[in-house]
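Everything on this sheet refers to the single structure shown next.
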Amino acid sequence: MRMMCTAKKCGIRFQPPAIVLIYENEIKGKSRQRIMPVRNFSKFSDCNRAAEQLKNNPRHKSYLEQVPLRQLEKLFSVLRGNLWGQSLAETMEQIQRERTIDPEEDLNKLDDKELAKRKSIMDELFEKNQKKKDDPNFVYDIEVEFPQDEQLQSCGWDTESADEF
Amino acid sequence: MAGDKAKPCELDQEKYDAEDNVKIICLGDSAVGKSKYVERPGLMERFLMDGFQPQQLSTYALTLYKHTATVDGRTVLVDFWDTAGQERFQSMHASYYHKAHACIMVFDVQRKITYKNLSTWYTELREFRPEIPCIVVANKIDADIKMTQKSFNFARKLSLPMYFVSAADGTNVVKLFNDAIRLAVSYKQNSQDFMDEILQELANFDLEQKEEALPDREQRGSSRAHLAPESGEESRSAALP
């Protein structure tokens, strides 16, 4: 029988390294804890791959179904930062930096893999803000006026010269 | 995909001369949200919802979205042309612009570079289609709503209409496309593009000559406007001035 569980919280333990999941067993409605040891992970490991491996691990798979891959990847990044001797604040800042799009970067010039990485960063925000058509309050045609009068502040992207944009 | 297989090497652009047909092209950098990326819908999908099957024409690196609209009680068949990675070369094949009746030019309000590159896109557009209506689209306003209170000189200086939209939450997407269709139709009705006239003249001239020389090969003339990627010369001659 397939086990049904509702993920509540997911975190990381540094020593010994493990991903810890707090979940609710639907049959009993009681909080439980699952400790999933992290093996073969060094400060040089790829966090995305580690997250994928754990998520697809046959023993943990059904428990981690509701935990987004992104969150697991982030937890592995926190662990890796710890292995490098960084403070939590430093690691969080680094994660934030890595997950931010450089507005000056020309994505037309990237290869497929790098472009896919940038797109996945943008997807995260898209999904957060997305109104899907099966949402109960979905409206197909939404019109909002944004008047462009003279009082507006410049976007800051236009050059000063009168001939250029 | 199926359409691609049925017509493997030609794309009929002659139909855009028919009264009830319009062609609208999309321009802009990679990842500005023009159309679908893996599972994330773009502006195109947000407008068309489920009622479509886009055609992937991989030979041309483009995606074709067919749509039926009603403008002033008349049925209009709209083909939206979208790039499929071709924009990475910062330039589109001439046939992409050929016979287009309107252009939707998109940038991402979170990425300055996509705004700066609008001028490159615009220059290329005007090289091929000096007169067609062009709409500037500021996409992803859900990511930074403050950008809607800023002024953007690019659109203002060229007196182009500008729309603030979000493919994610749907803001102004339907309005954008409906207005683009309306502009395309009115362009088609009211202005005969100078380039079109010249090309038409050239095509007729060509046809007459060919008929004289090869009276048994009448098909030649009508295949002129089709695109054959294998014979690059022919497709270029159809669209280049």
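Computed from a prediction, not measured in an experiment: that's the story for all the values here.
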Notebook entry, point to check: Yes or no on side chain to side chain donor-acceptor pair (under 3.5 Å) for A:Q153 and B:S151, after CA distance, side-chain angles and deciding distance?
Noted result: CA-CA 6 Å; A:Q153 198 196 337; B:S151 72; over 6 Å; no

Checklist line | chain A interface, residue from B:A143, B:A168, B:G33 that has the most non-hydrogen pairs under 4.5 Å | finding: B:A168

Check: Do B:K116 and A:W157 meet the cation-pi criteria used here (NZ or CZ under 6.0 Å from the six-membered ring centre, within 45° of the axis)?
Finding: no

Note to self: If I measure from the heavy atoms of chain A, does B:D108 come under 4.5 Å with its side chain, its backbone, both, or neither?
What the structure shows: both

Let me have the donor-acceptor pairs involving side chains of residues 49-56 of chain A, under 3.5 Å, with sequence neighbours excluded, atom names and distances please.
{"residue": "A:K55", "atom": "NZ", "partner": "A:L64", "partner atom": "O", "Å": "3.0"}
{"residue": "A:K55", "atom": "NZ", "partner": "A:E65", "partner atom": "O", "Å": "3.4"}
{"residue": "A:K55", "atom": "NZ", "partner": "A:V67", "partner atom": "O", "Å": "2.7"}
{"residue": "A:N56", "atom": "ND2", "partner": "A:E52", "partner atom": "O", "Å": "3.1"}

Note to self: Checking side-chain contact (heavy atoms from CB on, under 4.5 Å) between B:I181 and each of B:L176, B:T70, B:V71, which is the one that passes?
What the structure shows: B:V71

Notebook entry, point to check: Quick one: what part of A:E105 sits under 4.5 Å from any heavy atom of chain B, side chain, backbone, both or neither?
Noted result: backbone

Side-chain donor-acceptor pairs of residues 4-19 of chain A under 3.5 Å, sequence neighbours excluded:
{"residue": "A:T6", "atom": "OG1", "partner": "A:E26", "partner atom": "OE2", "Å": "3.3"}
{"residue": "A:R13", "atom": "NE", "partner": "A:P16", "partner atom": "O", "Å": "2.9"}
{"residue": "A:R13", "atom": "NH2", "partner": "A:P16", "partner atom": "O", "Å": "3.3"}

Notebook entry, point to check: Contact part of B:Y163 toward chain A, heavy-atom cut-off under 4.5 Å: side chain, backbone, both or neither?
Noted result: neither

Checklist line | Which atoms of B:K146 approach chain A - backbone, side chain, both or neither, heavy atom under 4.5 Å | finding: neither

Margin query: Let's test your reading of the structure: which of B:V173, B:T171, B:T114 forms the most heavy-atom pairs below 4.5 Å with chain A?
Written below: B:T171

Margin query: Report which part of A:D112 has an atom under 4.5 Å of a heavy atom belonging to chain B: side chain, backbone, both, or neither.
Written below: both

Notebook entry, point to check: Most heavy-atom pairs under 4.5 angstrom with chain A, which of B:L118, B:N117, B:N178, B:D142?
Noted result: B:D142

Item checked: Region of A:F138 that comes under 4.5 Å of a non-hydrogen atom in chain B -> side chain

Next item on the list: Mark yes or no: B:R129 above the aromatic ring of B:Y97, with NZ or CZ under 6.0 Å from the six-membered ring centre and no more than 45 degrees from the axis.
Entry: no

Note to self: Heavy-atom cut-off 4.5 Å, strictly under: side chain, backbone, both or neither for B:I141 against chain A?
What the structure shows: side chain

Item checked: Aromatic ring proximity, centroids under 6.0 angstrom, B:F47 and B:H67 -> yes

